[in-house]
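Below: one structure, written as C-alpha cells.
Letters A, B, ... are given to chains in the order of the sequence lines, protein chains preceding strands, and every chain is numbered from 1.
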Amino acid sequence: MPELPEVETTRRGLAPLLEGETVTGVVVRQPRLRWPVPGDLAACLQGQTITAVGRRAKYLLVATPVGTLILHLGMSGSLRVLPGGGTQQPPGAHDHVDILLGNGACLRYTDPRRFGSLHWTAEPPEHHWLLARLGPEPFAPGFSGDTLYRQSRGRRTSIKAFIMESRVVVGVGNIYASESLFRAGIHPARAAGRVGRDRYRRLAEAVREVLGEAIAAGGTTLRDFTASDGRPGYFAQTLNVYGRTGEPCPRCGGPIRQQRIAQRSTWYCPGCQR
DNA sequence: CCGACAACCTGTGAGC
DNA sequence: TGCTCACAGGTTGTCG
C-alpha cells in the first residue's frame with residue numbers, strides 16, 4: 001500500500017475535487033474487503049455534502065455534516081475521480097466501489113488485494129474503534145525522541161518492529177522504517193529497549209524528515225501506486241536502502257544488506273547502522 | 001502484557 | 001512458452 005506519504009498525496013489530490021460536492025449515489029460491487037462494506041453505506045452517504053477530506057494515520061476521513069466515511073487503502077488500494085459518473089471507463093475487476101457526485105463525477109475505489117476498507121461512523125471519527133488506539137502523528141508534538149525512549153524501556157522486540165507499531169507512532173510502514181533507521185544510523189534488528197535517548201531523538205527527526213520529503217515528492221512509486229491525478233510520485237529515486245540489496249551505501253559505499261526482520265524484508269547498511 | 005505468527009487477497013517476476 | 005513459488009506498500013486477531 002500506500003504508506004503515509006501516499007495517503008497524504010491522495011488526500012491532497014482528492015480534497016479540492018470532493019469538498020462541497022453532494023453524494024448522489026453509491027455503488028458497491030464487491031463488499032468483501034478487509035472488513036465488509038456496511039450494507040447501509042449508500043443510505044448513510046446519500047444526499048450528504050462532503051465538507052472536508054482529512055487523514056488520521058493511513059485512514060482517509062471523508063467528512064459530512066452527519067458522519068464520516070473512513071477509508072483505508074490497504075496494500076494495493078487507490079482512489080480516482082472520474083468524470084461522467086465513471087461511465088466512460090467501465091469498472092474493472094478490482095473497481096469495488098463508486099461514489100457518485102452531484103457534479104457528475106465519480107470517486108472510484110480500486111483494490112486488487114482487498115486489504116483496504118470502508119467504514120461509516122456518525123460519531124467523531126477519532127472515537128471509532130479503528131482509530132481510538134492510534135499513537136501520535138509523526139508531525140504532532142506528541143511524537144518525539146523522548147516519548148520513543150520512554151515507551152521503549154523494557155521492550156525486547158526489534159526497533160524496526162517497534163517503530164512500525166501504530167500505538168507508538170502512526171504512518172511508518174515497511175519502506176520508511178528501513179529508510180528512517182538508515183538515516184538515524186540504527187541497526188534495524190537492535191532491541192528497542194537497548195537504544196538510548198539521543199539515538200531516539202535522531203530517529204524521531206529521521207522519521208519526520210523521511211516522511212516529510214516523501215510527501216513533498218508526491219509519495220513513492222512502487223509497483224502499483226499512482227497519485228489520484230495519475231501522476232507518479234518521485235520519492236522512489238531518493239530511497240537510500242529500500243530494495244537496494246548489494247548496491248553501495250550512499251554514505252560509506254559498502255554493500256546494502258537485506259534481512260528478514262519483523263516478518264518483513266528489511267534493508268540496511270551493516271557499516272553505518274549499529 | 002509481550003512477542004511471534006497466521007490470516008485476509010491478487011498480481012508479478014524469477015527461476016526452471 | 002508455461003508452470004510453480006516467493007514475495008509485495010497493512011493491520012488485526014490469536015496463540016503460547
Side-chain angles (χ1 to χ4, degrees), chain A residues 1-11 29-37 55-60 70-79 91-97 109-119 128-135 138 151-180 188-194 207 210-211 214-215 217-228 232-236 238-239 241-246 258-267:
Chain A
M1 133 168 175
E3 292 203 29
L4 187 139
E6 289 73 25
V7 178
E8 178 61 19
T9 298
T10 299
R11 188 195 69 75
R29 296 182 200 87
Q30 171 56 277
R32 296 186 57 186
L33 303 182
R34 176 71 171 84
W35 286 282
V37 176
R55 179 188 61 75
R56 172 73 173 106
K58 296 169 188 166
Y59 294 93
L60 286 166
I70 302 174
L71 234 149
H72 199 288
L73 301 177
M75 292 266 256
S76 57
S78 63
L79 288 163
H94 306 303
D95 294 335
H96 304 312
V97 179
Y109 174 80
T110 306
D111 186 2
R113 291 179 74 179
R114 289 198 265 134
F115 286 179
S117 63
L118 280 77
H119 286 85
H128 192 270
W129 63 274
L130 282 171
L131 308 187
R133 293 178 175 180
L134 294 176
Q151 281 184 97
S152 62
R153 292 311 87 188
R155 296 292 305 271
R156 304 167 81 131
T157 194
S158 68
I159 189 163
K160 189 210 177 194
F162 176 71
I163 59 161
M164 289 180 72
E165 287 180 17
S166 61
R167 291 177 189 227
V168 171
V169 60
V170 301
V172 181
N174 201 43
I175 296 176
Y176 301 110
S178 283
E179 291 298 312
S180 300
R190 174 172 289 274
R194 300 193 53 210
V207 165
V210 168
L211 293 177
I215 291 169
T220 302
T221 297
L222 290 181
R223 198 163 284 125
D224 50 20
F225 173 76
T226 51
S228 56
Y234 290 94
F235 193 69
T238 74
L239 294 175
V241 292
Y242 185 89
R244 298 193 182 275
T245 311
Q258 176 182 7
Q259 189 180 328
R260 200 140 184 106
I261 300 172
Q263 289 81 244
R264 309 289 289 278
S265 286
T266 308
W267 287 267

Check: A:R32 main-chain N/O paired with A:Q30 side-chain donor or acceptor under 3.5 Å:
yes
Measure from the side-chain N and O atoms of A:R114 to the backbone N and O of A:G116, and report whether any donor-acceptor pair falls under 3.5 Å.
no
What nucleic acid atoms does A:R264 come within less than 4.0 Å of, heavy atoms only: base, sugar-phosphate, or nothing?
base
Stacking check A:F115 vs B:dC8 (5.5 Å / 30 deg):
yes
Presence of A:R114 side-chain N/O under 4.0 Å of B:dT10 phosphate oxygens OP1/OP2:
yes
Give a yes or no answer on whether the side chain of A:E3 reaches the backbone of A:I175 with a donor-acceptor pair at less than 3.5 Å.
yes
Between the side-chain atoms of A:R113 and the base atoms of C:dA8, is any donor-acceptor pair under 3.5 Å?
yes
Between A:Y176 and C:dG9, is there a side-chain N or O to OP1/OP2 distance below 4.0 Å?
no
Nearest to the side chain of A:H94 - B:dA4, B:dC9, B:dG11?
B:dG11
Report the distance from atom CD of A:E165 to atom P of C:dT11, rounded to the nearest whole Å.
13 Å
Nearest whole Å is fine: how far is B:dT10 P from A:D111 CG?
11 Å
Between P of B:dG3 and CD1 of A:I159, the distance in whole Å:
13 Å
Check the distance between B:dC2's P and A:Q151's CD and give it to me in whole angstrom.
11 Å
All salt bridge (charged side-chain N to carboxylate O under 4.0 Å, His left out) counterparts of A:R29, not counting sequence neighbours
A:D98
C:dT12, C:dC7, C:dG10: which one has an atom nearest the side-chain heavy atoms of A:S265?
C:dC7
Between B:dA4, C:dG10, C:dA8, which one does the side chain of A:K58 approach most closely?
C:dG10
Reckon A:R167 touches a base, only the sugar-phosphate, or nothing at all at heavy-atom distances under 4.0 Å?
nothing
Measure the distance from NE2 on A:H96 to P on B:dC8 and round it to the nearest whole Å.
17 Å
Separation between the P atoms of C:dA6 and B:dA6, rounded to whole Å:
14 Å
For A:W129 and C:dT12, give me the distance from atom CH2 to atom P, rounded to whole Å.
7 Å
Establish, with yes or no, whether the OP1 or OP2 oxygen of B:dA4 is under 4.0 angstrom from a side-chain nitrogen or oxygen of A:T157.
yes
Base-paired stems that DNA chain B participates in, counting runs of 3 or more Watson-Crick or G-U pairs under 3.5 Å:
B:2-8 with C:10-16, B:10-16 with C:2-8
Assign the ring pair A:W129 / A:H119 to parallel, tilted or perpendicular, where the plane angle (0 to 90°) is split at 30° and 60°.
perpendicular
In whole Å, I'd like the distance from the CD1 atom of A:I163 to the C1' atom of C:dG10.
15 Å
Please report, rounded to the nearest Å, how far the P atom of C:dT12 is from the CZ atom of A:R34.
7 Å
Let me confirm one number: the CZ-OG distance from A:R133 to A:S166, rounded to the nearest 0.5 Å.
10.5 Å
Closest to the A:R156 side chain: C:dT12, B:dG3, C:dA8?
B:dG3
